[in-house]
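A quick write-up on the structure given underneath.
A, B, ... follow the sequence lines: proteins, then strands. Residue 1 opens every chain.
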2 protein chains.
Amino acid sequence: MRKADKVTVDVISQKAGVSTATVSRVLNDSPLVHPKTKRKVLRIVQELNYVPNALARNLSLNRTDTIGAILPWVASGFYSELLRGVDDVARAAGYHIILGICHDREQGPELALKYIREQRTDGLIILDPVLDEPILDEIRRQNVPFVLIDRTVPSQHVNTIMIDDFNGARNMTRHLIEEGYQNILFITGDLQSYDARERLRGYQEAIEESQLAQKKELVIESNFTREDVVPKIAKYVEKNLLPDAIFCSNDEMALGVYRYLLENDYKIPDDVALAGFDGIDTIDFLGITTAKIPMHDLGAAAARLLVDQLVKGRSGGDTPALQPQKVMLQTELLIRKSTLNPKKAAKLVENGPIQTKLVGEKRREPLL
Amino acid sequence: MRKADKVTVDVISQKAGVSTATVSRVLNDSPLVHPKTKRKVLRIVQELNYVPNALARNLSLNRTDTIGAILPWVASGFYSELLRGVDDVARAAGYHIILGICHDREQGPELALKYIREQRTDGLIILDPVLDEPILDEIRRQNVPFVLIDRTVPSQHVNTIMIDDFNGARNMTRHLIEEGYQNILFITGDLQSYDARERLRGYQEAIEESQLAQKKELVIESNFTREDVVPKIAKYVEKNLLPDAIFCSNDEMALGVYRYLLENDYKIPDDVALAGFDGIDTIDFLGITTAKIPMHDLGAAAARLLVDQLVKGRSGGDTPALQPQKVMLQTELLIRKSTLNPKKAAKLVENGPIQTKLVGEKRREPLL
DNA sequence: TTCATTGGTGAAAGCGCTTACAATTTCGGC
DNA sequence: GCCGAAATTGTAAGCGCTTTCACCAATGAA
């Protein structure tokens, strides 16, 4: 049924009375075709509503105009912003996105390799914290441009987009100190993960550098989950005096602590201040201070890096390959009511629970 | 650089001492190749780590193994579950997903058409509430299978996955009535939208059918946004007596109302009960009753429908085309503390704020 | 031994597009 | 009006895979 009306270059060239070569040239805006011919061909193209078959085109050009996005699906809502960022710049550059959701630990690398080997993608954006070296080598060996997100890698010759967890945590801690909090409890994430270690380091650095005397460094080790943190904070609070402030390594844990505190009639921030890290919706709604990870920018930056490589690679092999880059994005310190010390706050204008004030780093210009 | 080591069917056939036809047959598991030959070829394939080029394969087969997902990016986190659902069943069926995010109203249909015309996809899943008829016709004319999500369409011959907004809202209202609430305020979404109208209808139906005498039907018209609803609810509460319960057409508005109520020292549910619709994270955290839209299933159902069509279409043209289907998915009534009438609740076991109880429809078996 | 059969296999023609190269036309300058 | 260069256009060979159809070697029956 479709077969009959399938319109290809040949059909066009026939009707226009030119060769397929000319049609192709017209379609690709080649300068070496006579304006008159061009008009004629374009008219037919319009008339028949012709659009070149991408597959054939790509096969011929040895290019797919597609980039693969390999993502885990850990925190669904969280990553979607990232995807949006990738899409924004990729689309602007004429690239499509093929989705590679790695459901479990195994599938991620598999998928990436499959896409590459099948040559379905021109490049890859990989967000997979547990990608191990051998796989990475395998990927690199394929000679396809790729960008890693939020993943440290020993080898230098890899494009990477990172979050500056260290500075994010340090700034947060500084903020708490500036607000006059003295005993700041820090709850770590899973210390296996690089992010968790960096955030801890940031906290420690800020504590150390603080001029105030004998700051105590208070740390509870947890694992980024709500379930794990609640009993720990409960036990801690019962055994010790309540700290001035609690800084959780991520928002998820902050939510757990938040609930615990409210249920036990502690007032935030009057009895204890609370801060998280990530910038998820619920934290936003509750008016809890956090260090927001610029997910959109993260995706956009990755895509930008990748697209640059691809475009460079396309324009002849003569231009030298781009040097692999490491980009570091800053978090955004969103100060909310939950960390505004009432003693100081009295002097300030009233802060609504949702109102967000920007302190610390300036807002990054959005990429793209 | 890559050129030299590019391994194709020819290379394989050469090394194996057979023709490319045979290699192809081996790769496609054709029965008419001698086991011995097959083994030989497969060994070489392994050895050279050969994977067929998808582009060439697809061009030849006139098929892409790809389905396009056209989505708006209205509520980022919300749709990601849907995408996951699509991915789950699509991948299981051997299809890839190419992402089509329509940023603004214009781009959606454009994108869909582009993908089709370029023949980048075998089929399409479209979630776009404002897709208009002409475009739809155009899409249909392309003779490519597609499925519409949450979008009513006059014409019968279209695959559609719908949410049963009517029943969802009716069940919610029934629940509120059962809990003994008498004055139930309903806040509508943008009544331009079909969803909004259906939810209103469900509410009205439940009110009407309730045996209790002279139920008043209380309706405030809003538009699904927090900004719009807050002043309206404020004005309403100031002018009238507080209703028993407030049922918002979506969670977003419920959040607005929630905040308003708390800020004005109304206790939920003691002074007034609160319910939403959608099932977003924050509502979950706050322990607010809602009708959860099964986003994952929505995507999975759409993908299932599409994949069935595609597979059917693939297996020779003799099998009759599948009849277009309309699938209706039920929402899940998540009853939380926010609508448990204290007078009745006294008899019940204490309900923690997060605890979710399932009432009404049984949990749908997840598709796939 | 000879003649259909029947697996197995290979040659070659696509799939729909691009592009190097050859062929043709056009044109200014003589 | 003629010539070579420049401007257009056409021819045909790919891109890497599938698949039709023809071909060949076994195999069994006669």
message: Does anything in residues 15-31 of chain A form a salt bridge (charged side-chain N to carboxylate O under 4.0 Å, His left out)? List the pairs, not counting sequence neighbours.
response: A:Asp29-A:Lys38
query: Do B:Arg141 and B:Asp137 pass the salt bridge (charged side-chain N to carboxylate O under 4.0 Å, His left out) test, and can you show the C-alpha distance, the side-chain angles, and the key distance before you say yes or no?
result: CA-CA 6 Å; B:Arg141 194 170 310 125; B:Asp137 278 344; 5.2 Å; no
query: Shortest non-hydrogen contact from A:Pro52 to A:Leu27?
result: CG-CD2, 3.9 Å
field: N or O in side chain of A:Asn28 less than 4.0 angstrom from C:dT18 OP1/OP2
entry: yes
query: Closest heavy-atom contact between A:Val307 and A:Ala90?
result: CG2-CA, 4.5 Å
query: Side chains of B:Asp122 and B:Thr64: do they bring a donor and an acceptor to under 3.5 Å?
result: yes
- prompt: For C:dG16, does OP1 or OP2 lie under 4.0 Å from any side-chain N or O of A:Tyr50?
  reply: no
- request: Inspect the contact between A:Arg84 and A:Asp87 and indicate whether a charged nitrogen and a carboxylate oxygen are less than 4.0 angstrom apart.
  value: no
Between the protein and nucleotides 10-14 of chain C, list the N/O to N/O atom pairs that are separated by less than 3.5 angstrom.
unit_1 : atom_1 : unit_2  : atom_2 : d
C:dG10 : OP2    : B:Ser19 : N      : 2.8
C:dG10 : OP2    : B:Ser19 : OG     : 3.2
C:dG10 : OP2    : B:Thr22 : OG1    : 2.8
C:dG10 : N7     : B:Arg25 : NH2    : 2.8
C:dG10 : O6     : B:Arg25 : NH1    : 3.4
C:dG10 : O6     : B:Arg25 : NH2    : 3.3
C:dG14 : N2     : B:Ser60 : OG     : 3.1

message: Considering every strand and a 4.0 Å limit on heavy-atom distances, what is the contact class for A:Ser24: base, sugar-phosphate, or nothing?
response: base
- prompt: Hey, does B:Asn53 reach any base, or is it just sugar-phosphate, or nothing, if we go heavy atoms under 4.0 Å?
  reply: sugar-phosphate
- request: For B:Tyr115, enumerate each residue passing the ring-ring contact (aromatic ring centres under 6.0 Å, His included) test, keeping only those at least two apart in sequence or located in another chain.
  value: A:His96
- line: Axis-to-axis angle across the helix from C:dT1-D:dA30 to C:dC30-D:dG1, five pairs each end, nearest 10 degrees, ~ 50°
- line: Note: contacts of residues 29-47 of chain B with DNA chain D (heavy atom, under 4.0 Å) are none
- request: Sort and list the pairs that fulfil salt bridge (charged side-chain N to carboxylate O under 4.0 Å, His left out) and have at least one residue in residues 51-62 of chain B, not counting sequence neighbours.
  value: none
B:Lys6 side chain near D:dG16 phosphate (N/O to OP1/OP2, under 4.0 Å): yes
- prompt: Between atom CD in A:Gln14 and atom C1' in D:dG10, what is the gap in whole Å?
  reply: 14 Å
task: Scan B:Leu59 against the nucleic acid and name what it touches under 4.0 Å (heavy atoms): base, sugar-phosphate only, or nothing.
output: base
